[in-house]
Amino acid sequence: MQSSKLIIPTLKETPADAEIISHQLLLRAGFIKKQAQGIYTYLPLGWKVMKKISDIVRIEMNKRDAQEIMMPIIQPAELWQESGRWHVYGKELMRLTDRHENDFCLGPTHEEVVTDVIRSFVNSYKQLPVNLYQIQNKYRDERRPRFGLIRSREFLMKDGYSFDRDEAGLDKSYQAMYEAYSAIFTRCGLSYRAVEADSGAIGGSNTHEFMVLADSGEAAIVFCEHCDYSANIEKAKMDLSYQDHEPMDVLEKVLTPNQKTIVDVSTYLQRDPKKSIKALLYKARYEDRQEIIVAFVRGDREGNEIKIQNSLGALSIDMDIDEQEILDLGIHRGYIGPIKLAKVKIVLDEEIMRLRNLVCGANEDDHHYINVNYDRDFQCDLIADIKEVREGDLCPICRSPLSSARGTEVGQVFKLGTKYSQSMHATFLDENGKAQPLVMGCYGIGISRTMQACVEQNHDERGMIWPVSIAPFEVVILPAVHKNIEQMNMARDLYHEMQEMGIDILLDDTPERTGVKFANSELIGYPIRITVGKLIEQGKVEITIRKSMETTEVSIAEVSEKVKELLGTI
RNA sequence: CGGGGCAUAGCGCAGUUUGGUAGCGCACCUGGUUUGGGACCAGGGGGUCGGGGGUUCGAAUCCCUCUGCCCCGACCA
């Protein structure tokens with residue numbers, strides 16, 4: 001391809017509404033154009049990268065006997081009513097009505113449709129297992145689209161679904177997809193981690209998220225450098241073998257005037273914050289009711305709201321609590337403790353049980369207890385893991401200190417079980433002629449998000465740096481002086497030669513000044529640049545590696561072979 | 001949905017406080033000079049100042065209202 005025939009609208013200035021570097025670079029390099037909030041056109045270079053990612057996905061999926069299909073974007077409400085999600089999904093689901101007043105939605109995901117497809121055509125255990133996938137636009141009316149393609153309302157996604165006769169079959173399908181995903185993200189040149197994750201409202205037993213590591217990532221993860229353990233912060237566990245062994249001292253109520261925070265109280269009483277109990281007040285909402293609960297964690301820790309919510313089995317929790325409600329329950333903000341707190345439900349972090357002689361609020365103003373011990377001084381309704389694990393806590397597997405990082409979720413593998421097959425009556429007959437619900441797994445990859453995550457991870461002050469596997473072009477050939485006939489002809493010759501060799505190459509034949517062409521090639525980030533300039537008088541051209549910006553002179557006779565070789569090694 | 005902010009040429013912005021009929025840089029077009037790191041000179045095109053309503057002799061500017069967008073938070077199969 002010749003760049004004079006492509007629309008590559010690069011910008012010198014950074015668009016004002018792009019917050020993170022990858023979003024800015026995609027806009028500046030002319031990969032995408034925003035059409036509405038969270039809705040983008042993929043311009044030629046951007047779409048080319050997306051196609052390369054999609055092709056890698058297809059190869060790895062097909063290798064594992066997954067079959068590509070194409071389901072409709074527009075889905076009938078009936079299917080969603082059948083699964084129950086028409087009413088559960090909320091405003092995120094884009095709904096529309098046709099001229100006959102029939103309800104439809106734009107698919108945010110395709111469990112309903114794929115389940116309907118399978119139940120129509122799969123009736124026997126002999127047809128199993130089956131794995132179907134598609135690569136298609138998805139729609140979620142996000143409350144707050146942001147970061148360009150990272151959180152958009154329309155996005156390209158590979159979604160796949162496996163159907164097995166039992167859990168053992170699902171385990172195999174899941175494992176195959178896990179391996180496919182690892183292969184895909186490796187081939188895309190990404191630094192990623194597969195982390196254990198919370199399964200969320202969808203239910204299901206097991207799930208891993210594939211996280212591309214990036215400081216701008218929306219998710220926090222912890223991982224172990226010494227073993228394979230890694231988990232989303234919402235799910236992360238830590239080693240709990242630590243145990244205080246000091247003798248229990250006498251419980252005592254002490255005066256702590258105006259000392260409300262952990263830091264204040266600890267300083268005032270001259271105690272380590274780790275030897276205190278922090279209280280977190282929440283309103284938990286259930287399907288039929290709501291209640292105030294108090295969660296207790298070690299003084300220097302934070303609670304994790306997802307864990308707290310899961311431990312309660314609540315639909316949601318928040319801190320939106322009326323002060324009067326607190327007073328009615330006899331709760332004194334700043335002085336909350338687990339002793340004699342009869343009117344509210346208590347959730348205690350399991351770590352507290354292992355600690356001795358703690359400080360906690362006395363449930364009356366200006367007073368705390370010291371030397372508090374679990375069981376001797378108080379009990380509670382619920383003991384669970386509700387703390388936020390952090391860097392330095394010990395790995396639950398090998399007890400090495402954990403590391404932490406931020407990541408962008410680009411893929412997820414999920415054991416769905418029979419949630420949809422049961423509600424939608426997708427069954428097969430087993431050897432005994434008995435109807436059984438299909439056991440499902442679902443597997444997603446955000447293609448558009450992966451493209452941006454790659455930029456977020458691979459860039460420098462000059463612009464993007466693409467891995468060869470998904471670069472918009474593998475090589476750009478750049479005649480230094482546009483009007484120099486010899487240079488241009490030589491560039492064209494080399495361009496044709498390398499094209500014939502199967503190299504994905506772009507000829508920059510635009511009548512720009514040299515500096516502009518250099519700057520644009522670095523902004524766009526082609527892995528290799530060949531500069532055809534003055535050196536052709538000596539029978540040479542220059543090869544520049546984008547990543548290192550290392551330039552070498554190569555004789556014209558050898559350049560194509562050299563490029564071929566480099567593409568395999570960088 | 002709560003809080004904050006913005007909307008003026010394709011992009012980035014000034015002008016709004018104090019009302020007088022719109023400007024700068026980049027980009028674009030023409031001509032010329034340049035040509036190995038985002039050139040220079042000269043000329044030029046492009047705006048119902050987000051929409052609607054109001055105040056006024058007169059509104060980008062003041063008032064009301066709607067819409068869109070950005071940031072923080074909440075939310076996120």
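Naming: A, B, ... by sequence-line order, numbering from 1 per chain. In this text the structure is predicted, and so the values were computed from the model without any measurement.
- When heavy atoms are screened at a 4.0 angstrom cut-off, A/Glu542 is found touching base atoms of the nucleic acid.
- The separation of B/G23 from B/G37, taken at their P atoms, amounts to 37 Å, rounded to a whole angstrom.
- A/Ser4 and A/Thr510 share no side-chain donor-acceptor pair at under 3.5 Å.
- Shown here are the side-chain contact (heavy atoms from CB on, under 4.5 Å) partners of A/Pro9, two or more places apart in sequence or in another chain: A/Ile7, A/Leu43.
- Regarding A/Phe518, its CZ atom lies at a distance of 13 Å from the P atom of B/A39, rounded to whole Å.
- No hydrogens or angles considered: a donor-acceptor pair under 3.5 Å links the side chains of A/Glu154 and A/Tyr139.
- A/Gln487 has its CD atom 9 Å from the P atom of B/G36, to the nearest Å.
- Taking the six-membered ring where the residue is Trp, A/Tyr181 and A/Tyr443 present perpendicular rings, their angle passing 60° and hence far from 30°.
- In this structure, a donor-acceptor pair under 3.5 Å is absent between the side chains of A/Tyr192 and A/Gln457.
- B/G12 and B/G31 have their P atoms separated by 30 Å, given to the nearest Å.
- Put simply, the side chain of A/Glu522 and the base of B/G38 share no donor and acceptor less than 3.5 Å apart.
- For A/Asp508 and B/G37, the CG to C1' distance is 14 Å, given to the nearest whole Å.
- Residues passing the side-chain contact (heavy atoms from CB on, under 4.5 Å) test with A/Asp318 are A/Lys283, A/Arg285, A/Asp320, sequence neighbours excluded.
- Atoms CD and CD1, on A/Glu550 and A/Ile570 in that order, are 10.5 Å from each other to the nearest 0.5 Å.
- Separation of the P atoms belonging to B/C41 and B/G25 is 11 Å when rounded to the nearest angstrom.
- No engagement by A/Asn484 is indicated, since no non-hydrogen atom pair under 4.0 Å with the nucleic acid exists.
- Pairing of B/C57, defined by two Watson-Crick or G-U wobble distances under 3.5 Å, is identified with B/G20.
- Atom name C1', nucleotides B/C24 and B/G46: the rounded distance is 15 Å, in whole Å.
- Nearer to the 5' terminus of RNA chain B, by closest-nucleotide assignment, is the contact made by A/Lys91 (compared with the other of A/Lys91 and A/Lys534).
- Nucleotide B/C1: paired with B/G73 (Watson-Crick or G-U wobble, both distances less than 3.5 Å).
- No N or O donor and acceptor, one from the side chain of A/Arg529 and one from the base of B/G36, sit under 3.5 Å apart.
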Each nucleotide of nucleotides 25-35 of chain B classed B (base within 4.0 Å of a protein heavy atom), S (only sugar-phosphate) or -, in 5' to 3' order, makes BSS------BB
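- B/C6 and B/C13: their P atoms are spaced 13 Å apart (whole Å).
- Distance A/Met94 CE to B/A77 P: 17 Å, rounded to the nearest Å.
- Rounded to an integer number of Å, the gap from A/Lys34 NZ to B/G12 P is 10 Å.
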Sub-3.5 Å pairs of nitrogen or oxygen atoms, protein against nucleotides 74-76 of chain B:
| from | atom 1 | to | atom 2 | distance (Å) |
| --- | --- | --- | --- | --- |
| B/C75 | N4 | A/Arg146 | NH2 | 3.3 |
| B/C76 | O2 | A/Arg151 | NH1 | 2.7 |
| B/C76 | O2 | A/Arg151 | NH2 | 2.6 |

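- If you take atom P in B/G54 and the same atom in B/A7, they sit 24 Å apart, rounded to whole Å.
- In this structure, B/G25 and B/C11 make a Watson-Crick or G-U wobble pair, each of the two defining distances being under 3.5 angstrom.
- Applying the side-chain contact (heavy atoms from CB on, under 4.5 Å) criterion to A/Val516, with sequence neighbours excluded, gives A/Glu512, A/Arg513, A/Asn520.
- Among the nucleotides B/G37, B/A77, B/G36, the one closest to the side chain of A/Gln412 is B/A77.
- A/Ala16 is linked by a side-chain contact (heavy atoms from CB on, under 4.5 Å) to nothing, counting only residues two or more places apart in sequence or in another chain.
- Regarding contacts with the backbone of B/A77, every side-chain N or O of A/Lys415 stays at 4.0 angstrom or more from both OP1 and OP2.
- Comparing the C1' positions of B/A59 and B/A22 gives an interatomic distance of 13 Å, to the nearest angstrom.
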Which atom pairs, donor and acceptor, lie under 3.5 Å between side-chain atoms of residues 524-537 of chain A and protein residues at least two apart or in another chain?
| from | atom 1 | to | atom 2 | distance (Å) |
| --- | --- | --- | --- | --- |
| A/Arg529 | NH1 | A/Ser521 | OG | 2.8 |
| A/Arg529 | NH1 | A/Glu522 | OE2 | 2.8 |
| A/Arg529 | NH2 | A/Glu522 | OE2 | 3.3 |

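- Listed by first and then second residue, the salt bridge (charged side-chain N to carboxylate O under 4.0 Å, His left out) pairs involving residues 14-31 of chain A are A/Asp17-A/Lys34 (not counting sequence neighbours).
- Looking at which nucleotide of RNA chain B each of A/Ile536 and A/Ala36 is closest to, the 5′-most match is held by A/Ile536.
- OP1 or OP2 of B/C70 sits under 4.0 Å from a side-chain N or O of A/Gln37.
- Distance A/Glu19 CD to B/G73 C1': 15 Å, rounded to the nearest Å.
- Here salt bridge (charged side-chain N to carboxylate O under 4.0 Å, His left out) pairs that include residues 471-487 of chain A, with residues two or more places apart or in two chains, number zero.
- Atom CD1 of A/Ile524 and atom P of B/G38 are 18 Å apart (whole Å).
- Of all nucleotides present, only B/U33 satisfies the Watson-Crick or G-U wobble test against B/A39, with each distance under 3.5 Å.
- A/Arg153 has its CZ atom 9 Å from the P atom of B/G68, to the nearest Å.
- The separation of B/G15 from B/U61, taken at their P atoms, amounts to 15 Å, rounded to a whole angstrom.
- Pairing partner, B/C6: B/G68, with both Watson-Crick or wobble hydrogen-bond distances short of 3.5 Å.
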